[in-house]
Structure formats: C-alpha cells, structure tokens
Amino acid sequence: MKLILAAAASMGWGFFGHETINRLSIFSLPPGMIGFYKRHADYLVEASVNPDKRRYAIKEEAPRHYIDLDSYGDSARSLPKYWGAARARLGEDSLMKHGIVPWHIAFMTEQLREAFFVRDPDRILRLSAELGHYVADANVPLHTTRNHNGQLTNQHGIHGFWESRLPELFSKQYNFFVGRASYEDDVAGRAWEAVFHAHAAVDSVLTEERLLSINHSSIKYNYETRGKQTIRVFGADYSRLYHERLRGMVERQMRRSIRMTADLWYTAWVDAGQPDLRQLLEYRPTEEELRKRKLEWEGWKARTYQAREHESGGN
Ligand SMILES: [Zn+2]
C-alpha cells in the first residue's frame, strides 16, 4: 500500500484556491475591463497556477511565493518597502533566502501597468493571472513564516490542510461578494499590509490545530482511495472542527485575496491611462506596433521615476 499525505507540498492555496481567486476577481472589475477579462476567464483560471508549476524548474521562482517574516525578528517592521532599498541594505542573496513576495507583487503590478500601456493582450493576461497568484500567496498565513509546513512544531502537513483541504471542503458556504475594485495609490504598502495581516494569524493557525489534535487524534486522518493510490487526508470531521475554531479565517483571507487582485489589476490599468480593452477583443497589435509603444512606455517611465525619486529621496 502506497501512502501519500495529500497536498503536503507547500503549493500556496492549492490549485483549487488559486483558480477560485482568479476567477472571482474578474467580477469586481469595472465595465471598462470586465468584458476583456471575462472573455479570457478560462485562461486566467488555468494560468493561475503557472508560478507554482515553475517552482521546481527555475531557481529564482520559489522565493517569490513567501516571506519568512519571523526570520527578521523585530526588524521585520523596518524592512525597506521598496526592492531597490532592500537590496542595497540586505543584499539580494539574503533577501532571496527568506522570500520576497511583497516586493514581487509590486514588481508584477508595475509589469502589468507596462503591458496595459503597450496594449499587449497576451502580456496583460499572463501578468494578470500570475499577479493574482502572488497576491493570493501573500494572504496565506503560512507563507509568512519559517514554520511554513508546521515542521518546527510537529504539525507536518498543516500547510496543505489550511490552504487546500479547508477551501475544498467549505468554500461553497463562503460569501465571495467583495464589491467593486478600487484604486490603490500605494501598491507596495498594500503588499506589506497583506503579509503582516496574514502573519498576525500564524499563531492561531498553529495553536488551534495543536489544541484540537490533543483531544481528537483518533479522527485526525482518513484514508481515501484515488485511482490506484491510497491517500491519507485530514478527516472530514477533524477538518470541520478546525475550520470552526478558525472562525472564518480562510474565508476572510480568500476574500482579501480576491479584492486585492482586482484592486491591483484595476490600478495597473488606471495608471496606464485606462486603455480601451474592447479594442483588444477583436484586434491583435503587430510586433511593430508593440515595439513602438514599448519605446513610448520607456520614455514615460523614465520621466515618472525621475519625478518620484525627487519626492522620496530615492528610496
Ligand atoms: Zn505559490
């Protein structure tokens, strides 16, 4: 008999969660965007998990999905908000070691802004799908701690339990109406707010499971047959009890992910001058047109950055 602990790998929300978050983010978009996103909903859902698929092929990929805030101790709060300053102070190797998700969210939003500016439909879709992925990961408490799979507290498998098993079992009951996307004038600040908010929940995620397991170890696991394999999963009753103890946490974090994804998609679009996406439904720009717009973007960016650096003292 072959035993596999289902979803033990730390994949971030599991496929189900990422797909759900990207799909639902579409419905918060304003009229100027929603048609284009709805038309490509299948792609946005399918590509929502591409960053996880890349993790084992590309060395730089893994750190983009998490940040071990506890590795920094009390100085986590004073980590530089922007990548340039962080790299200058701590060095890239050290940053990569503890994860870079908040900085990567800001970077991806910036890339998406460029794609909108250039009006490149393929890039808009790819970056939207992947930005949604990183945003969702940043909102998972266990993506903000060294103890990401409970390995330091003898709670192996809790990562997949929280982010895959619970949403799969209970998300049908969730209220996913998160309202209309709004403009975010501090994208980097929003990414940091997300990881600190998620991090504040780490203690509950671990403690509630530990307390539950004291009296309910007999119902902790079930064995399910899938194809030819027998898989050990967290038991349905055990999952329900844990879910109740978390008092809506998984639902809240999914809602935050959906709203933040929509807000950042919308913000990138507004910053790029609200290009008419309806034109991209039927028309594909030529390579030459894309190149020309890319040059325009570089010029625009250079001017904006000069202005910004004057304001913020280069930070
Ligand atoms: Zn991930």
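Just follow the structure's listing: the first ligand is 1, and inside any ligand the first atom is 1. The shown structure was predicted, so the numbers you read here are calculated from the model rather than taken from an experiment. As a basis for the values below, the full set of heavy atoms in this structure was taken, side chains included, without hydrogen atoms, waters or symmetry mates.
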Give, for atom CZ of Arg64 and atom CD1 of Ile105, the distance between the pair rounded to the nearest 0.5 Å.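 Arg64 atom CZ to Ile105 atom CD1 measures 13.0 Å (nearest 0.5 Å).
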Distance check, rounded to the nearest 0.5 Å: Ile158 atom CD1 versus His148 atom NE2?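 Result: 12.5 Å between the selected atoms.
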Would you say the Zn ion (ligand 1) has His18 as a near neighbour, meaning an N/O/S atom of that residue under 2.8 Å away?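 Coordinating: no.
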For side-chain hydrogen bond (donor to acceptor under 3.5 Å, both in side chains), just list the numbers for His199 and Thr144, CA-CA rounded to whole Å, side-chain angles, deciding distance to a tenth of an Å, and then say yes or no. CA-CA 6 Å; His199 192 63; Thr144 67; 2.9 Å; yes
[X], N/O/S atom nearest the Zn ion (ligand 1):
{"X": "Asp52", "result": "OD1"}
{"X": "His65", "result": "ND1"}
{"X": "Asp137", "result": "OD2"}

Do the non-hydrogen side-chain atoms of Asp52 and Arg54 ever get within less than 4.5 Å of each other?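 SC-SC contact between Asp52 and Arg54 ruled out.
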